[in-house]
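Remember, it's 1-based here, ligands and their atoms both numbered in the order they're listed. Computed from heavy atoms alone, side chains included, the values below leave out hydrogens, waters and symmetry copies. Bear in mind the structure is a predicted one, so any value in this text is a computation, not a measurement.
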Amino acid sequence: MENIEFKNTYSPLSSAELIAKEKANMDAKRFKHCIGVSQTSRKLAQLNNYDEDKAALAGFIHDYAKQVSPERFIEVIKSQGFDQDLLNYNRAIWHGIVGVYFIEHELKITDPEILTAIRRHTTADVEMSTLDKIVFVADFIEPGRTFPGVDEARKVAFANLDDGVGFELAHTLEFLIKNRQKVYPKTLDAYNKWSIKH
Ligand SMILES: [Fe+2]
Ligand SMILES: [Fe+2]
């Protein structure tokens, strides 16, 4: 099935059910991206002595909520105890931090490590676990990515995961600033932690 596989020990739903729900929640292009992130997460897990199936699952579902309607996100932010400052941002931020709400309720995944990795994948953070880093970096370098600099990003990340995080944050900040887009404060803190050359 779709060249995606992982041992699912994190949800009462079967792997086939998870795949079907994921597919129904997004367009074909996004689904392909999620498969790419899953495969790259597995590879990064292998390189960093992390549980490959857990990484593959986290990578697969990381964008589960990316195409949930903004109205639905706003409803959830207002009613489920989220920081109301989130209303000043958009889906680019929400699908990670608030996306976990949909993952918990619809995919029935409650593993804190997986949920934290998904929460952090859009903003990064000062504190990042190995799984946080794997999903964050895999999202950036999966085989479908073609932006200028992606080859170097892959080289850096496969050689050293922390350097991959630093490279990605510097690249992202550069992009946001060049386009005069809002920087989520936590992303700036993460940049100061992971991207500075000593
Ligand atoms: Fe995402
Ligand atoms: Fe993604």
S.K.: Please give the atom name: the N, O or S atom of Asp63 nearest to the Fe ion (ligand 1).
M.R.: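 When I compare the N, O and S atoms of Asp63, OD1 is nearest to the Fe ion (ligand 1).
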S.K.: Kindly give the heavy-atom pair with the smallest separation between Leu44 and Ile134, and that separation in Å.
M.R.: CD1-O, 3.7 Å
S.K.: Is the distance between the Fe ion (ligand 1) and the nearest N/O/S atom of His95 smaller than 2.8 Å?
M.R.: yes
S.K.: Here's a test for you: under salt bridge (charged side-chain N to carboxylate O under 4.0 Å, His left out), which of Lys54, Arg119, Lys133 qualifies with Glu113?
M.R.: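 With Glu113 as partner, salt bridge (charged side-chain N to carboxylate O under 4.0 Å, His left out) holds for just one option, Lys54.
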S.K.: Counting backbone and side-chain atoms alike, does His121 have an N/O/S atom under 2.8 Å from the Fe ion (ligand 2)?
M.R.: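 No N, O or S atom of His121 is closer than 2.8 Å to the Fe ion (ligand 2), so no.
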S.K.: With a cut-off of 2.8 Å, does any N, O or S atom of Cys34 fall short of it relative to the Fe ion (ligand 2)?
M.R.: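 It does not; every qualifying atom lies at 2.8 Å or beyond.
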S.K.: Looking at Asp139, pick out the N, O or S atom nearest to the Fe ion (ligand 2) and give its name.
M.R.: OD1
S.K.: Could you check, using the six-membered ring where one of them is a Trp, whether His62 and His95 have ring centers closer than 6.0 angstrom?
M.R.: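 No, the ring of His62 stays outside the 6.0 Å limit from the ring of His95, centre to centre.
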S.K.: For residues Phe136 and Arg120, report the shortest heavy-atom separation together with the two atoms involved.
M.R.: CD1-O, 4.3 Å
S.K.: Less than 3.5 Å apart, any donor N or O on the side chain of Asp63 or His121 sitting next to an acceptor on the other?
M.R.: yes
